[in-house]
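Note sheet for the following structure.
Predicted model only: the values in this text are computed from it and were never measured. Chain identifiers are assigned alphabetically (A, B, ...) following the order of the sequence lines, protein sequences preceding nucleic acid strands; residue numbering begins at 1 within each chain.
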There are 2 protein chains.
Amino acid sequence: MIDIKQLQYFVTVAELQHVGRAAEVLNMTQPPLSRQIHLLEEALGASLFVRHPKGVSLTPAGECFYKDAQHLLSSLSQACQNVRDVAQGKAGKLSIGFMMHAAYSIIPKLTKKFMTAYPDVALHLQEVIPSELMKRVQAGEFDAAVMLHPQQIQGVGLIKLCESALCLALPLDHPLTQKSKLSGDDVALEPFIATPHNVAPELRGALQSYAHQYGFEPKVILETQLQQSIINLVAEGLGLALIPEILTKVQFPGVAFRPLQNAPSVEYVMIWRQDSLNPVLSRLVESVESGLEI
Amino acid sequence: MIDIKQLQYFVTVAELQHVGRAAEVLNMTQPPLSRQIHLLEEALGASLFVRHPKGVSLTPAGECFYKDAQHLLSSLSQACQNVRDVAQGKAGKLSIGFMMHAAYSIIPKLTKKFMTAYPDVALHLQEVIPSELMKRVQAGEFDAAVMLHPQQIQGVGLIKLCESALCLALPLDHPLTQKSKLSGDDVALEPFIATPHNVAPELRGALQSYAHQYGFEPKVILETQLQQSIINLVAEGLGLALIPEILTKVQFPGVAFRPLQNAPSVEYVMIWRQDSLNPVLSRLVESVESGLEI
DNA sequence: TATCACGATACAAAAAAGGTATTAAGGATG
DNA sequence: CATCCTTAATACCTTTTTTGTATCGTGATA
């Protein structure tokens, strides 16, 4: 059976055209090298060298095999490098799920920093509704996810990314846009658009408890799973919504944002499967741990 | 040091996800296979498998290395096939020199037959003046050559390709074109264009001896190394020339061909270095030996 | 809790590779 | 033309590596 060692022996002999000198270079003596070359020729079923009294030279078959052997050897060392890179998380694949809120500042910042540090990692970014994120991380479908701080964190690692106060999103032509700061009392009778409780309990809960704080039950007239839709529906004049401030950097046509008195805030975190085998994940966590400045 | 055997072991284990069954497939027992996998992991500096109680599965690094290892193994077997093909002359390079006379029927027939039989051989065809051919075959610059039958054939193999009678090439507007067959007496006083003796002694000698047969010394007014030029100069009306019939199948503008009484003939042969190491050469000789029908 | 299936480990046996000494063969040299 | 020199090949022994047998440790499963 052919052997990597034999390929290296062969290449060395081919380059020096001299078995004895090749043996020196290979830190061995001449006879075993001769023997290995013969074994290789036998295994290939072709003679690779012409033996001259002053050395050896390649036959046409040897020339052909020399090229192939060089490629094989360099491919092998490349493969070794690849596997090391992947094992150390310098290369590989990483899938990250995130909720829409993260799309405008957290995910861009995070991916830019990470991709700069690890250009050989292929990132797969996917936006899904918040309630999916934890499930799919635990199921191993995502290596990590950017989401609101969850209640249950079993089996996952977690790191806080940022906190964002909620503010009021209202249609541009709404009378309340006249005021620069609003309180619960201002909006007690207003219709609200919100995410269903099972999609993003933290967000829906924040609306609920903020309203209770001001002694009213929020009139939620529309529920929608997609966060993007909430803002679009506000723009259509169908109601108000509580939106984290990190979204207000973006211009949404037809929507105004106003700060809230005693505004509740939500916390954004990155989670990941604790028992993940993907070495890239550790690099991502390190990258996030070393600071993100959102 | 990493070893082909280890790659095969690794690929088998990766595919079966089971060390014991892989060992069966590989016709060995489980412990040495386990050990080789460990050695491979150690050599690579990365763990390739996760050990489960019901078998093993690839780590991300293992997945990466699995792809690379498959490529390496198939590249290796391709390389082995290549070297065998080259050794048997089924693939490789073959350089053939030829004189212009062969360009119009011998070389096309020969190359078509050979290339059809051996599509993986790269043919290098080069036309040079006749006197160069033998030298360059002996020097190893050409594997073979198509030329006129030489005097000296030391160190070369030779096979006859065809014989061609010489005929007269004369300008279209020459008075002798009226006659359909010519003899030496008709051309005794005509000016001739011929190749110098040192370029193609056989051709020049044929003109000489044919003239002597009819009792005259040919009046060679122009000599030119390139055979193509001879025909061009005839077309210009500068003189007559003796041309082998195998060239008369081609239309040369301004030139008429007429058969000669008692025409001398020349023999075309293929020669090759007897001690050539190129296995393709043997296939060429076989191909020519089995008949060419020119 | 006992059993089962699997991979890991220990150690002896076998095979392979390497080293030393020598031979054989082809040029170069006197 | 004999001799020497260089180089690869061969013979034989030693060392290293690989394999096989027997056994162990460990999670899952019933």
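- Residues meeting the side chain to side chain donor-acceptor pair (under 3.5 Å) test with A:E141, sequence neighbours left out: A:R136.
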Return all side-chain donor-acceptor pairs below 3.5 angstrom for residues 21-29 of chain A, not counting sequence neighbours, or 'none' if the list is empty.
none

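- Contact check for B:R84 versus B:Q81: side-chain heavy atoms found under the 4.5 Å cut-off.
- The nucleotide whose nearest atom lies closest to any side-chain atom of B:S34 is, among C:dA8, D:dA9, C:dA17, C:dA8.
- Atom CG in B:L39 sits roughly 15 Å away from atom C1' in C:dG7 (whole-Å rounding).
- Looking at residues two or more places apart in sequence or on another chain, you find no salt bridge (charged side-chain N to carboxylate O under 4.0 Å, His left out) involving B:E63.
- When rounded to the nearest whole Å, the span between CD of A:E24 and P of D:dA8 equals 11 Å.
- Here C:dA17 presents its C1' atom at 15 Å from CG of A:L40, a figure rounded to the nearest Å.
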Table of protein N/O atoms under 3.5 Å from nucleotides 18-20 of chain C N/O atoms:
{"from": "C:dG18", "atom 1": "OP1", "to": "A:Y9", "atom 2": "OH", "distance (Å)": "2.5"}
{"from": "C:dG19", "atom 1": "OP2", "to": "A:T29", "atom 2": "N", "distance (Å)": "3.0"}
{"from": "C:dG19", "atom 1": "OP2", "to": "A:T29", "atom 2": "OG1", "distance (Å)": "3.1"}

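- Evaluation of the side chain to side chain donor-acceptor pair (under 3.5 Å) rule for A:S34 yields A:Q30 as partners, not counting sequence neighbours.
- Between the P atom of D:dT18 and the CE atom of B:M1 lies a distance of 12 Å, rounded to the nearest Å.
- Contacts of residues 11-20 of chain A with DNA chain D (heavy atom under 4.0 Å): A:H18, A:V19, A:G20.
- As a whole-Å value, the separation of A:H38 NE2 from C:dA24 C1' is 13 Å.
- In this structure, A:R51 atom CZ and D:dA9 atom C1' are separated by 9 Å, rounded to whole Å.
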Please determine whether side chain to side chain contact (heavy atoms under 4.5 Å, CB included) holds for the pair A:D143 and A:I96, giving the CA-CA distance in whole Å, both sets of side-chain angles, and the decisive distance to 0.1 Å. CA-CA 6 Å; A:D143 291 303; A:I96 304 176; 5.8 Å; no
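- Contacts classified as ring-ring contact (aromatic ring centres under 6.0 Å, His included) and involving residues 113-161 of chain B (residues at least two apart or in different chains) are given here: B:F114-B:Y118.
- Protein atom CG of A:D3 is 14 Å distant from nucleotide atom C1' of D:dT16, rounded to whole Å.
- Atom CD of B:E41 and atom P of C:dG7 are 13 Å apart (whole Å).
- Contact between the side-chain N/O atoms of A:H52 and the OP1/OP2 oxygens of D:dT7 is not found at any separation under 4.0 Å.
- Within the structure, ring-ring contact (aromatic ring centres under 6.0 Å, His included) pairs that include any residue of residues 41-80 of chain A comprise A:F10-A:F49, A:F10-A:F65 (at least two apart or interchain).
- With sequence neighbours excluded, the residues that form a side chain to side chain donor-acceptor pair (under 3.5 Å) with A:N82 are A:Q78, B:D68.
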